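Since the structure is predicted, the reported quantities are computational estimates derived from the model, not experimental observations.
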Amino acid sequence: MIWWKHLYMGDKAAAGRPAILEGIRRGRRMPGVYVITLPESGNHILDIRPVSLLTEKERGDGAFLILGAALGYGEACQVVRRMVDDMYRATGAFDWRHYMEFLEAR
């Protein structure tokens, strides 16, 4: 699992950031904690996934990228909205990979 260097955090998640990030790294169940990832399906911009449903493979996969974290599903939706707003303002499109390249180039 890889943490994006521009990781987005919800306000409640940010307050407990060290404990949340460490819990996810160590494979704890973390009920109520959600991560935002690149979509598994080509029909979405981003996916919201409960940490408790991350597989061992995803947790150990060096290519599984986490873009954001939130405490509670409502906060996860707010984080995704902020992410999509930032992406659209910066690039004028709904292409997350293009937005990531844009941030890296800055």
Side-chain angles (χ1 to χ4, degrees):
M1 160 173 21
I2 304 167
W3 301 97
W4 189 37
K5 75 177 191 177
H6 303 284
L7 185 73
Y8 280 78
M9 296 284 292
D11 293 337
K12 290 186 274 184
R17 182 183 175 114
I20 288 173
L21 297 183
E22 185 63 23
I24 294 170
R25 275 190 207 102
R26 292 185 181 265
R28 295 188 186 123
R29 290 193 38 86
M30 309 286 297
V33 176
Y34 291 80
V35 292
I36 294 105
T37 65
L38 293 172
E40 288 184 3
S41 155
N43 299 328
H44 301 118
I45 296 174
L46 299 166
D47 282 349
I48 298 173
R49 314 248 330 257
V51 168
S52 59
L53 296 181
L54 293 178
T55 65
E56 294 261 336
K57 181 180 183 280
E58 290 168 332
R59 289 176 187 266
D61 187 352
F64 185 72
L65 179 63
I66 295 179
L67 305 170
L71 190 55
Y73 186 77
E75 183 172 85
C77 291
Q78 291 172 352
V79 171
V80 166
R81 179 180 178 178
R82 191 172 80 229
M83 293 169 77
V84 171
D85 285 349
D86 289 351
M87 171 186 56
Y88 189 76
R89 276 192 217 109
T91 66
F94 294 105
D95 181 346
W96 190 261
R97 291 184 194 277
H98 181 253
Y99 177 59
M100 292 170 69
E101 291 169 5
F102 169 82
L103 289 179
E104 292 302 316
R106 282 190 347 179

Hydrophobic cluster identity match, [X] and [Y], side-chain contacts under 4.5 Å:
| X | Y | answer |
| --- | --- | --- |
| M9 | M87 | no |
| V79 | L71 | no |
| L46 | I2 | yes |
| I48 | L7 | no |
| M30 | I36 | no |

Over all atoms of both residues, closest heavy-atom pair of [X] and [Y]:
| X | Y | value |
| --- | --- | --- |
| D47 | L38 | OD2-O, 3.9 Å |
| I66 | G68 | CG2-O, 3.4 Å |
| A76 | Y34 | CB-CB, 4.0 Å |
| I45 | P39 | O-CD, 3.3 Å |

More than 12 heavy atoms from other groups under 6.0 Å of CZ on R29 | no
Can you establish whether the number of heavy atoms outside D11 located under 6.0 Å from its atom CG is more than 12?
-> no
Distance from L103 atom CG to D86 atom CG, nearest 0.5 Å?
-> 8.5 Å
To the nearest 0.5 angstrom, please state how far the CZ atom of F64 sits from the NZ atom of K57.
-> 10.0 Å
Scan the side chains in residues 12-22 for donor-acceptor partners under 3.5 Å anywhere in the protein, sequence neighbours excluded, and list what turns up.
from : atom 1 : to  : atom 2 : distance (Å)
E22  : OE1    : R25 : NH1    : 3.4
E22  : OE2    : R26 : NE     : 2.4
E22  : OE2    : R26 : NH2    : 3.1

Side-chain donor/acceptor pairs under 3.5 Å, residues 93-101, sequence neighbours excluded:
from : atom 1 : to  : atom 2 : distance (Å)
D95  : OD1    : R97 : N      : 3.2
D95  : OD1    : H98 : N      : 3.2
Y99  : OH     : Y8  : OH     : 3.1

Using modelled atom types only, decide if a donor and an acceptor are shared between the side chain of R28 and the backbone of V51 within a distance under 3.5 Å.
-> no
Any donor and acceptor pair, going by atom type alone, linking the side chain of E75 with main-chain N or O of G72 inside 3.5 Å?
-> no
Hey, does I24 have a side-chain heavy atom less than 4.5 Å from the side chain of M1?
-> yes
Contacts of type side-chain contact (heavy atoms from CB on, under 4.5 Å), residue E104, not counting sequence neighbours = W4, K5, H6
